[in-house]
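Sequence lines set the chain letters: A, B, ... in the order given, protein chains first and strands last, and positions in each chain run from 1. Here the structure is a predicted model, which means the values were calculated and not measured.
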2 protein chains.
Amino acid sequence: MNKHQLRTVCAPIILALVLVGLLTVSVLAAPSDDRLLARWAIAIHGGAGSLLPGLDRVRRDSLEQSLRQALQAGTKILSTGGSALDAVETVVVMLEDDPQFNAGKGAVFTRAGTHELDASIMDGARLRCGGVAGIRFQKNPIKVARLVMEHTPHVLLAGEGADAFASEQRQERVAQDYFYTNRRFRELQKALAEMGEKPLEKPAYPLPVDSRTDIPGEDGPSGTVGCVALDSRGNLAAATSTGGLTGKLPGRVGDTPICGAGTYANNENCAVSCTGKGEQFIRNSIAARVAVLMDERGFNVDESVSYCLNEILEPGDGGIIAVDRQGRISMRATTGAMPRGVADSAGRLETAIGIDH
Amino acid sequence: MNKHQLRTVCAPIILALVLVGLLTVSVLAAPSDDRLLARWAIAIHGGAGSLLPGLDRVRRDSLEQSLRQALQAGTKILSTGGSALDAVETVVVMLEDDPQFNAGKGAVFTRAGTHELDASIMDGARLRCGGVAGIRFQKNPIKVARLVMEHTPHVLLAGEGADAFASEQRQERVAQDYFYTNRRFRELQKALAEMGEKPLEKPAYPLPVDSRTDIPGEDGPSGTVGCVALDSRGNLAAATSTGGLTGKLPGRVGDTPICGAGTYANNENCAVSCTGKGEQFIRNSIAARVAVLMDERGFNVDESVSYCLNEILEPGDGGIIAVDRQGRISMRATTGAMPRGVADSAGRLETAIGIDH
């Protein structure tokens, strides 16, 4: 054989060997139970609440559509190699801008007729975290929480200091009337009556010119929003945002802005976002507890979430979503409803509202 | 024998039998390793810091004297049947009133030349807790933290809302200049220089008329204050109070006001008060972790404190004091010094400052 003939014969053989080699490598790298089940995964919640029998189809569809849109935005980031941190922030910004949820635009009223918003974000790769509590003049508290994480030596800023920091970081301010919705003001009146307090004639700020903002179907199950994600580099992140409790005392800080209480992420175990009676989640450090129990007891993520809801918290205290480093998702609540959704690289995309106990 | 003779003979015998019985009961009830070692026990800290070689005798004696006085006040409450909650609050009030510590009167300055104080308290009997963050016009933040616990449905109030709540509860307001000390203002200037920021000419408030308040020996090891106690009814409680970090951003919330991060108490395991780099204690939920590791790993209180300081936190992050339900005390720090003290019903009363590694 001359050189040319040798090449003609050998080339296909070499090519075949290379292909077999590649195939072997990819089979060995295929997911087993202890390995990556999904290249990426994302879950979201829209707060734990009660499922009213009268929740109409229109409102239910509208909620599920919002959840799907937010999931799709997260999916787009994760499926194109984006980070879990960017995904959870982007998703929470979308839910903050949606007046159906008690976060950002749809934030509830304090007892004083004002709005005070809480949010936090955590990066599982380096246990970095950032939060804002009682922020009043920012459209998207979760963006400020991320700036606290990335541009301060601190992990939590509250009140005036949080708003001042946001302004220094050139975040656009909004007036309090940005958060006005008829629905939330009616909810405040109801809460004040239940607490035996006098009703407020109007919010603590002048009513906005167009104050007819209304949401179909009052008192729905939607509340706090949260998102957890695993990205294709194996990084976990979590973010949570809320307007807090209707009728809360001004200055009240719930679990949402506190990493370890309402939000947690650690590449070693899981990312967690909580919703419900914040005081209960703080006194039991629930978000961190989900992760710690995985490490200490060898629980899988769903066992850990169940244990926290059923053995540590009281029935009706709230809900938890979590994703582990293999992309397994847990979404549970001990309330009647928790609008929620999940998507992953295996093609899963689901949303739901009610909880079957 | 007549009746009288019978009585004369039998009475001493019965008395002897009763005495033997009582002795037997008390021997059986004597402390074993798993039982109560002390009817009550109390430990305090004055912050984790560096031990300067030049710390003079005067300042060291003055610190130890303050610690002893505070311990004696706690001892008086506990030894007369008072509650652990009252003991930790009383002790922390005394340390807040002492300008040597970075809490209450001696609170450090924020970057803006103001004072923002944090404190929390927790009741191990019912896992009730209360905290204030960024409170500005209260002499004793720990008192307000207890009122949050007892008179609101919340566990943490921050900023203006915390001050407004304190006023509603008829707590006496102080002006910001109450917290002025030359020492802390010099510390701020030093911190600003280290951060590459411009020095402040003066605080954000008019200097008080008598602004010569000075403390012998600058830059000592004293900082945040905390107290943990077991009372004779078996209840545990913890309290922590601080002015935070010198040069912190206004609005910064550290671990001190957050139950689960800087303070924790649970009758099932232990009461904990932390001091150090607050951000590290928040992201690792350290106060709660000490308790959780006792439950999950069967650690004793000292093993749990050591594990948190050495395996979870970084060297130099801070210190922890804790007491368990048997009255065992752990007091450890990974810094050069932590002014501290301990007393119990067995007659122990000790104070110390430096840490041997």
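- Heavy-atom contacts from other residues, nucleotides or ligands closer than 6.0 Å to CZ of B/Arg173 number more than 12.
- A pairwise comparison of heavy atoms in B/Glu116 and B/Gly251 identifies OE1-N, 2.8 Å as the closest pair.
- Interface remark: A/Ile258 contributes side-chain atoms only to the contact with chain B (heavy atom separation under 4.5 Å).
- Aromatic ring pairs are classed by plane angle as parallel below 30°, tilted from 30° to 60° and perpendicular above 60°; the pair B/Tyr205 and B/Phe109 is parallel.
- Within the 4.5 angstrom heavy-atom criterion, no atom of A/Asn266 approaches chain B.
- Here the side chain of B/Arg111 pairs no donor or acceptor atom with the backbone of B/Lys248 at under 3.5 angstrom.
- For A/Ala158, the parts lying under 4.5 angstrom from a heavy atom of chain B are both the backbone and the side chain.
- Taking chain B as the reference chain and counting heavy-atom pairs below 4.5 Å, the highest number among A/Leu293, A/Leu249, A/Leu156 is found for A/Leu156.
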> Taking it one step at a time, do B/Arg297 and A/Glu296 satisfy salt bridge (charged side-chain N to carboxylate O under 4.0 Å, His left out)?
Replying inline: CA-CA 8 Å; B/Arg297 300 202 180 181; A/Glu296 297 298 331; 2.7 Å; yes
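- Summarising the geometry of B/Ala239 relative to B/Ser273, their closest heavy-atom pair is O-OG, 3.6 Å, with the distance given to 0.1 Å.
- For the options A/Gly260, A/Gly159, A/Gly254, A/Ser285, heavy-atom pairs under 4.5 Å to chain B are most numerous at A/Ser285.
- Of the atoms belonging to A/Val253, heavy atoms from both backbone and side chain fall under 4.5 Å from chain B.
- With chain A as the partner, the residue from B/Met122, B/Arg128, B/Arg252 showing the most heavy-atom pairs under 4.5 Å is B/Arg252.
- For the set B/Ala112, B/Gly278, B/Pro153, B/Ala287, the entry with the most heavy-atom pairs within less than 4.5 Å of chain A is B/Pro153.
- Ion pairing between a basic and an acidic side chain is recognised when a charged N comes within 4.0 Å of a carboxylate O; B/Glu160 and A/Arg136 show such pairing.
- Looking at A/Lys277, there are no atoms closer than 4.5 Å to chain B (heavy atoms on both sides), in backbone or side chain.
- Per-residue counts of heavy-atom pairs under 4.5 Å with chain A were compared for B/Asn284, B/Asp163, B/Thr110, B/Ile282; the largest is that of B/Ile282.
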